[in-house]
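A short write-up of the structure that comes next.
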Amino acid sequence: MRKPFIAANWKMNKTIEETEEFINSFLPMVSDVTGVDIAIAPPFTSLCVAAKLLKKSGVSLAAQNVFYEEKGAYTGEISPVMLLSSGCTWVIIGHSERRQYFSETDEIVNKKIHTAGKNGLDVILCIGESLQEREEDRTFEVIEQQLAGSLKDVQLDGITIAYEPIWAIGTGKTATKEQANEAHACIRDWLKKNREGAGEVRILYGGSVTPDNIESLMSQPEVDGALVGGASLRPDSFAMIVKGAVTA
Ligand code: PEP
């Protein structure tokens with residue numbers, strides 16, 4: 001039985017003060033919620049303050065990105081060692097916005113996963129097709145290609161997959177629960193065919209998740225949780241999503 005997992009991706013939102021405000025109101029809202037893992041990924045500048053506030057809360061801290069070297073002359077980059085010392089236990093790798101705006105390829109994503117894993121960070125690997133790829137009926141092919149490239153020589157310990165169809169991210173267009181489940185089933189099949197321990201890997205859905213659709217998505221056997229962007233920016237809506245994930 002895979003434990004539900006809900007993760008917030010704040011993207012480039014929230015100052016240090018706004019982070020404090022969010023966490024101080026969010027934690028009491030979920031203090032009695034059990035049976036679900038929760039993580040929050042603020043921007044780098046808010047990691048240290050978030051780590052202090054989340055300590056002993058049971059809510060984990062995630063980063064939104066990482067570089068694939070441990071240290072050195074890489075101006076502007078952040079290493080897995082730095083993330084660990086800032087209190088992170090998770091890192092999101094391969095988000096479609098990183099692939100689209102920062103030219104991250106599966107090869108780069110793969111290098112990042114290797115360095116993150118070697119340093120003991122758990123990884124949320126994001127994959128998903130564009131609208132054009134879906135319309136050309138290439139969804140499963142794209143998913144399999146991304147898995148093969150991103151997970152090259154990677155074992156599944158510490159890996160969570162987030163299926164995020166690009167056309168559903170920040171658009172208000174959610175995949176139907178059936179579309180999400182069949183994509184997750186394709187991911188699970190690929191993992192089973194190619195790696196040990198595929199049955200325990202959690203597969204999250206991401207793309208316009210809200211308090212209104214979380215229960216329906218979580219009713220699907222292959223949907224183990226959600227990676228939430230826009231709706232994670234308000235403590236009340238993120239808390240409702242967390243609660244919806246356990247009542248589904
Ligand atoms: C995301 O960026 O990972 C995401 C799923 O965003 P949103 O929930 O806003 O679609």
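Just so you know, ligand 1 is whichever comes first in the structure, and atom 1 is the first atom listed for that ligand. This one's a predicted model, so the numbers in the text were calculated from it and none came from an experiment.
Using a 3.5 Å distance cut-off with no hydrogens or angles, the side chains of Glu129 and Trp167 do pair a donor with an acceptor. Using modelled atom types, one finds a donor on one side chain and an acceptor on the other under 3.5 Å when comparing Glu70 with Asn119.
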Report task. I would like to know whether Tyr68 and Ile93 meet side chain to side chain contact (heavy atoms under 4.5 Å, CB included); could you show each step before the answer? Result -> CA-CA 11 Å; Tyr68 52 73; Ile93 297 182; over 6 Å; no
**Report entry** Audit row: Val201, Arg188, side chain to side chain contact (heavy atoms under 4.5 Å, CB included) steps and yes/no
**Finding:** CA-CA 8 Å; Val201 173; Arg188 180 90 53 211; 4.0 Å; yes
Query raised in the report: When you look at Lys112 and Glu104, which way does the side chain to side chain contact (heavy atoms under 4.5 Å, CB included) test go after all the steps?
Result: CA-CA 10 Å; Lys112 291 183 172 194; Glu104 277 191 16; 2.5 Å; yes
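If you number the atoms of ligand 1 from 1 as listed, the ones under 4.0 Å from a heavy atom of Gly170 come out as 7 (P), 9 (O), 10 (O). Within ligand 1, the atoms closer than 4.0 Å to a non-hydrogen atom of Leu227 are 3 (O), 5 (C), numbered from 1 in the order shown. Residue Ala168 has at least one heavy-atom neighbour below 4.0 Å for each of these atoms of ligand 1: 10 (O). Of all atoms in ligand 1, numbered sequentially from 1 with element shown, those under 4.0 Å from a heavy atom of His95 are 1 (C), 2 (O), 3 (O).
Polar contact check, Glu97 against ligand 1: no nitrogen or oxygen pair lies under 3.5 Å apart. Among the atoms of Thr171, none of the N or O lies under 3.5 angstrom from an N or O of ligand 1. Between Gly229 and ligand 1, at least one pair of N/O atoms sits closer than 3.5 Å. Residue Gly230 places at least one N or O, backbone or side chain, under 3.5 Å from an N or O of ligand 1. At under 3.5 Å, not a single nitrogen or oxygen of Gly207, backbone or side chain, sits near a nitrogen or oxygen of ligand 1.
At the top of the distance list for atom 5 (C) of ligand 1, counting protein heavy atoms only, stands Glu164 OE2, 3.1 Å.
Of the options Arg202, Arg2, His184, a side-chain hydrogen bond (donor to acceptor under 3.5 Å, both in side chains) to Asp224 is made by Arg2 and by none of the others. When the options Glu97, Glu164, Arg98 are evaluated for a side chain to side chain contact (heavy atoms under 4.5 Å, CB included) with Cys126, the one that passes is Glu164.
Ring planes of Trp10 and Phe22: perpendicular class, angle over 60° (limits at 30 and 60°).
In Ile169, the parts holding a heavy atom less than 4.0 Å from any atom of ligand 1 are both the side chain and the backbone.
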